[in-house]
Amino acid sequence: WSSDVCSSDLSNQTNSHRRKQLKSKAKKGDIDAMYKYGVKLIKKGKDEEAASYIVTAALRGHMDSQMLAAKFYETGRGVEVNATQAAFFL
């Protein structure tokens, strides 16, 4: 039992470290990290913060981010609805 607890604690620490690394890379402008971190934020319900990362990555040419940014602007998720911006990213 104790080895299971230790293994679980180590796994949680590893995941926390990975999240921090991903966030750090995203803040430094790595567009792949911006997209991945944005997706994690969406899953946590932090749409406005997610949109900031996703839209920035989209503007820098990240294709998956462009599709997601278009959906954000089309539906108003994390940003104001804007058909022009939605079309821009498609």
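These numbers come from a predicted model, not from an experiment.
For the atom pair CG of Leu68 and NZ of Lys71, the computed distance is 7.0 Å after rounding to the nearest 0.5 Å. Between the CG atom in Leu90 and the CD atom in Gln85 there is a gap of 11.0 Å [rounded to 0.5 Å].
Residue Ser65 comes nearest to Ala57 through the heavy atom pair OG-CB, 3.4 Å, listed as atom of the first residue, atom of the second, then distance. Closest heavy-atom contact between Ala69 and Val55: CB-CG2, 4.1 Å. Of all the heavy atoms in Glu74 and Val81, the pair that sits closest is O-CG1, 4.0 Å.
Ring-plane geometry between Tyr53 and Tyr37 is classed as perpendicular, the angle between the planes exceeding 60 degrees on a 0 to 90 degree scale with a lower cut at 30.
The salt bridge (Lys or Arg N to Asp or Glu O under 4.0 Å) contacts involving residues 33-57 comprise Asp47-Arg77, where partners must be two or more places apart or lie in separate chains.
One hydrophobic cluster, built from ILVMFWY side chains closer than 4.5 Å, cannot hold both Ile54 and Ile31; they sit in different ones. A continuous path of hydrophobic side-chain contacts links Leu59 to Val79 [ILVMFWY only; heavy atoms under 4.5 Å].
Taking 4.5 Å as the limit, some side-chain heavy atom of Ile42 sits within range of a side-chain heavy atom of Phe72. With a 4.5 Å cut-off on side-chain heavy atoms, Thr84 and Tyr73 do not count as touching. Between Met34 and Lys27, the closest side-chain pair of non-hydrogen atoms is not below 4.5 Å.
Although no hydrogens or angles enter the test, the distance criterion places no donor-acceptor pair under 3.5 Å between the side chain of Ser24 and the main chain of Lys20.
When each of Met63, Gln66, His62 is checked for a side-chain contact (heavy atoms from CB on, under 4.5 Å) with Tyr35, only His62 meets the rule.
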